[in-house]
Novice: 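Got a structure for you, questions after.
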Amino acid sequence: MPIAEFLISFAVIGLHTAVILSVLLEERRHPSATLAWIWALILLPVIGVFLYLLIGTVRADRLVKQSHAFEARVGSILDKHQIGKKLADTGEPPVQPRTEAMLRLGDNVASTPASGGNRAAMLVNATQAYRSMIEAIEAAEDHIHVEFYIIQPDEAGKRLRDRLIRKADAGVQVRVLV
C-alpha cells in the first residue's frame, strides 16, 4: 500500500509540475519572474496556485491589452499614409517580374506590405546629403523624424539644428534621435 500511495503522490506532483510549466512557459515573462512563479507553485502548491490566479494573470492580461492598443495605433497610422494596400490596389504601374518576386518575399517576412509612390536617390557626398535634408525639412508640413549617429556642432550641424527649430516653432512635429 505505501508504494501505491507513493506512486499516486508522484503522479499528482508530476502532473502539477507539468501544468505549471506549460502555463508559465507559454506566457512571455521575464525569466526571473517565470522562475519565481515556478518555485512558488512547486513549494506552495495550493497557496501558490491561488496567488498566481490572483496576481500572476493580471499582468499578462494588461500586456495583451497594451499589445492590441499598440497594433490599433500602428494600423491607424499605416491607414493614414495608405501603407498596407497592395501595390495592385494603389493604381501603380505593373512591376517587373524580378521586383514582383522581391515584393512577395517582403510580404512573407514583414508585417506590412510594400507601399507605392516612393522614390530614392543616391547621395554620393555630404553636400548632396545636406542639400537633400534641408529641402525635405523645408517641405515638411506635418512631421519630421530624423535619426543621426552624431551631429557635430559645426556650421552644417548648427544650420540643420536651426532649421529643425524653425519648423518646430511653425507647428511641425519634430523628432530627432541622435
Side-chain angles (χ1 to χ4, degrees), residues 23-38 55-178:
V23 168
L24 285 175
L25 295 178
E26 189 174 298
E27 296 176 2
R28 296 193 174 238
R29 296 178 181 267
H30 194 276
S32 60
T34 301
L35 190 58
W37 277 116
I38 288 172
I55 301 170
T57 57
V58 173
R59 183 172 182 268
D61 291 342
R62 187 173 1 122
L63 289 175
V64 168
K65 288 177 185 173
Q66 287 173 348
S67 174
H68 289 307
F70 177 75
E71 288 175 9
R73 197 169 86 223
V74 168
S76 70
I77 291 169
L78 294 177
D79 288 343
K80 177 181 172 186
H81 296 285
Q82 295 183 347
I83 298 172
K85 289 184 175 181
K86 300 282 186 194
L87 285 180
D89 300 337
T90 62
E92 294 285 322
V95 295
Q96 298 174 355
R98 180 175 153 206
T99 305
E100 190 173 336
M102 294 300 291
L103 290 171
R104 275 197 313 275
L105 174 64
D107 284 344
N108 289 333
V109 298
S111 59
T112 56
S115 61
N118 301 306
R119 55 190 159 85
M122 181 70 68
L123 305 173
V124 295
N125 59 35
T127 304
Q128 287 182 349
Y130 277 111
R131 187 180 317 123
S132 178
M133 282 187 275
I134 300 282
E135 289 171 3
I137 289 169
E138 294 301 326
E141 297 174 1
D142 182 57
H143 64 273
I144 300 170
H145 299 176
V146 292
E147 177 182 357
F148 296 100
Y149 177 72
I150 191 168
I151 298 177
Q152 293 291 345
D154 58 5
E155 183 181 328
K158 289 177 182 176
R159 276 197 323 251
L160 180 68
R161 177 200 63 198
D162 293 342
R163 287 180 189 266
L164 290 170
I165 290 171
R166 262 199 316 264
K167 288 306 269 195
D169 289 342
V172 175
Q173 181 187 36
V174 176
R175 292 184 178 167
V176 179
L177 179 63
V178 180

Novice: Which atoms form the tightest heavy-atom contact between L164 and V176, and what is the distance?
Specialist: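 That would be CD1-CG2, 3.8 Å.
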
Novice: Is any NZ, NE, NH1 or NH2 atom of the basic residue among R131 and E135 found under 4.0 Å from an Asp or Glu carboxylate oxygen of the other?
Specialist: no

Novice: Would a 4.5 Å heavy-atom cut-off, applied to side chains only, mark E138 and R163 as touching?
Specialist: yes

Novice: Is L160 close to I137 at the side-chain level, that is, under 4.5 Å between some pair of heavy atoms?
Specialist: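 Heavy-atom side-chain distance check passes, below 4.5 Å.
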
Novice: Side chain of K167, backbone of I144: donor and acceptor closer than 3.5 Å?
Specialist: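 Absent.
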
Novice: Identify the heavy atoms of I150 and V178 that sit nearest to each other, and give their distance.
Specialist: CA-CG1, 4.1 Å

Novice: Please examine the side chains of E147 and R175, heavy atoms only from C-beta on, and report whether any two atoms are closer than 4.5 Å.
Specialist: no

Novice: Once rounded to the nearest 0.5 Å, what's the spacing between atom CD1 of I151 and atom NZ of K158?
Specialist: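 NZ of K158 is found 13.0 Å from CD1 of I151.
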
